[in-house]
Amino acid sequence: MPASRWLRKYYFSSVSAFVLALSLWGFSDNLIWNVGQASNHDPKFIIHGLFCLAWVLMLFVQASLVRAGNVRLHRTLGIVGLIAALGVTLSTIHIFVVVWKGWDAMAFYLKANRLLLPSYSLLVLLGYLNRKRPDWHKRFVYIATLFMLEPVLSRAFDPLEPLLTSLSESQIDFYWWIFFVLVWSSLFLSLFAYDWFVERRIHPVTAGGFAWFCAIWAVVLLV
């Protein structure tokens, strides 16, 4: 099977499976080996976590349905994805309000989340409004998911820290930063590669979404 044909059929289901696996890995302590932690008994975090899990599950299921050619069920389940996205948005806003201690007290990546969340919500809405244009729809939904990945990426590094006990705290922070940037940027760059190999051009949603993402980080880091 030519690479372009393979990518057309399997790319979105493959990257959605990776995002789901990364999410489960990052929050494996909540789900498996440290279920007694305080956040597992806090309703706001439980509800938020369930909505986020529902979203990444729906991303994988919906991409898999399209790959299998079951577009009718994909469209029927679209409302479930919208409900999950609404839940992600509202539960995240609630957490932002409850834990608010002032802009200057927040780490840079937490500041970025305050801008990435409304961007996620808007991109999901644009995906819904463009549901009859599959090439636009799937990119809006995928890029929206990438905008909500900071907590997943931050947590996905945590299980690796026991392997780095011989390093200083600053060295561990450096490797976290490398992991954080490398994985996040690779997920975007894979979409650029998909566009180029499949369509021989960069789709405007891909280019615009990445530019928007970079602009948010520029504002957070430079302003």
Side-chain angles (χ1 to χ4, degrees), residues 7-23 48-93 96 112-153 183-199 201-217:
L7 283 170
R8 186 182 297 276
K9 184 173 183 179
Y10 292 104
Y11 171 75
F12 283 99
S13 59
S14 297
V15 292
S16 62
F18 177 78
V19 169
L20 175 59
L22 191 67
S23 301
H48 174 68
L50 289 174
F51 276 122
C52 290
L53 179 59
W55 174 260
V56 293
L57 277 171
M58 287 305 303
L59 180 76
F60 172 68
V61 169
Q62 291 290 69
S64 299
L65 287 172
V66 171
R67 185 196 65 197
N70 197 342
V71 177
R72 177 175 294 183
L73 182 56
H74 171 88
R75 290 172 177 167
T76 301
L77 290 177
I79 188 63
V80 179
L82 278 178
I83 293 171
L86 179 61
V88 169
T89 299
L90 295 179
S91 64
T92 306
I93 290 172
F96 284 171
N113 282 338
R114 268 59 180 180
L115 301 176
L116 291 167
L117 173 70
S119 301
Y120 158 80
S121 306
L122 179 58
L123 288 167
V124 171
L125 177 60
L126 290 172
Y128 174 76
L129 295 176
N130 285 274
R131 62 192 181 279
K132 294 183 180 180
R133 304 170 68 186
D135 59 323
W136 290 66
H137 169 76
K138 60 189 178 185
R139 287 173 175 82
F140 275 128
V141 171
Y142 175 61
I143 293 174
T145 304
L146 298 187
F147 273 58
M148 64 173 284
L149 278 191
E150 183 280 316
V152 169
L153 291 172
V183 175
W184 216 344
S185 60
S186 294
L187 288 168
F188 274 103
L189 292 175
S190 71
L191 184 57
F192 278 89
Y194 169 85
D195 283 356
W196 182 253
F197 283 110
V198 172
E199 300 188 5
R201 70 184 183 98
I202 303 302
H203 196 281
V205 174
T206 302
F210 185 63
W212 189 349
F213 179 80
C214 290
I216 288 174
W217 279 104

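In terms of modelled atom types and a separation under 3.5 Å, the side chain of Y11 and the main chain of D195 share no donor-acceptor contact.
Contacts of F192 classified as ring pair (Phe, Tyr, Trp, His ring centres under 6.0 Å), with partners at least two apart in sequence or in another chain: F210. When the ring pair (Phe, Tyr, Trp, His ring centres under 6.0 Å) test is applied to H203, the partners found at least two apart in sequence or on another chain are W136. Take R72 and apply the salt bridge (Lys or Arg N to Asp or Glu O under 4.0 Å) test, not counting sequence neighbours, and it matches no residue. Under the side-chain hydrogen bond (donor to acceptor under 3.5 Å, both in side chains) criterion, R8 pairs with no residue at all, not counting sequence neighbours. With sequence neighbours left out, S121 forms a side-chain hydrogen bond (donor to acceptor under 3.5 Å, both in side chains) with T89.
Taking both residues in full, the closest heavy atoms of N130 and H137 are given as O-CB, 3.3 Å, listed atom of the first, atom of the second, then distance. Across all their heavy atoms, A144 and Y120 have their closest contact at O-CD1, 3.1 Å. The minimum heavy-atom distance linking S16 with A63 is given by the pair OG-CB, 3.7 Å.
For the atom pair Q62 CD and N70 CG, the distance stands at 9.5 Å (nearest 0.5 Å). Rounded to the nearest 0.5 angstrom, R75 CZ and L65 CG are separated by 12.0 Å. Going from atom CG of L77 over to atom CG of L82 covers 11.5 Å, rounded to the nearest 0.5 Å. Note that CG of L115 is 10.5 Å distant from CZ of F147, once rounded to the nearest 0.5 Å. Atom CD1 in I202 sits 8.0 Å away from atom CG in L191 (nearest 0.5 Å). Taking OG of S119 as the reference point, atom CD1 of I143 lies at 11.5 Å (rounded to 0.5 Å).
Proximity of N113 to L117: side-chain heavy atoms (C-beta onward) are nowhere separated by under 4.5 Å. Between L129 and F140 the shortest side-chain heavy-atom distance does not fall below 4.5 Å. Between L123 and W212 there is a side-chain heavy-atom pair separated by less than 4.5 Å. Considering only heavy atoms from C-beta on, L149 comes within 4.5 Å of L187 through its side chain.
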Q. Is there a side chain to side chain contact (heavy atoms under 4.5 Å, CB included) between V183 and L22 once you walk through the steps?
A. CA-CA 10 Å; V183 175; L22 191 67; 4.2 Å; yes
Q) Hey, mind stepping through L59 and L20 against side chain to side chain contact (heavy atoms under 4.5 Å, CB included) and telling me if it holds? A) CA-CA 8 Å; L59 180 76; L20 175 59; over 6 Å; no
Q | Chi angles and distances behind the side chain to side chain contact (heavy atoms under 4.5 Å, CB included) call for F12, R67 | A | CA-CA 8 Å; F12 283 99; R67 185 196 65 197; over 6 Å; no
Q: Applying side chain to side chain contact (heavy atoms under 4.5 Å, CB included), run through H48 and T92 and close with a yes or a no.
A: CA-CA 7 Å; H48 174 68; T92 306; 2.9 Å; yes
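For the pair R139 and Y142, the cation does not sit on the ring face, since its NZ or CZ is not both under 6.0 Å from the ring centre and inside 45° of the axis.
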Mind listing the side-chain donor-acceptor pairs of residues 51-58 below 3.5 Å, one per line with the distance, residues two or more places apart or on another chain?
from : atom 1 : to   : atom 2 : distance (Å)
W55  : NE1    : T145 : OG1    : 2.9

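Ring geometry for F213 against F188 counts as tilted: the plane angle lies between 30° and 60°, on a 0 to 90° scale.
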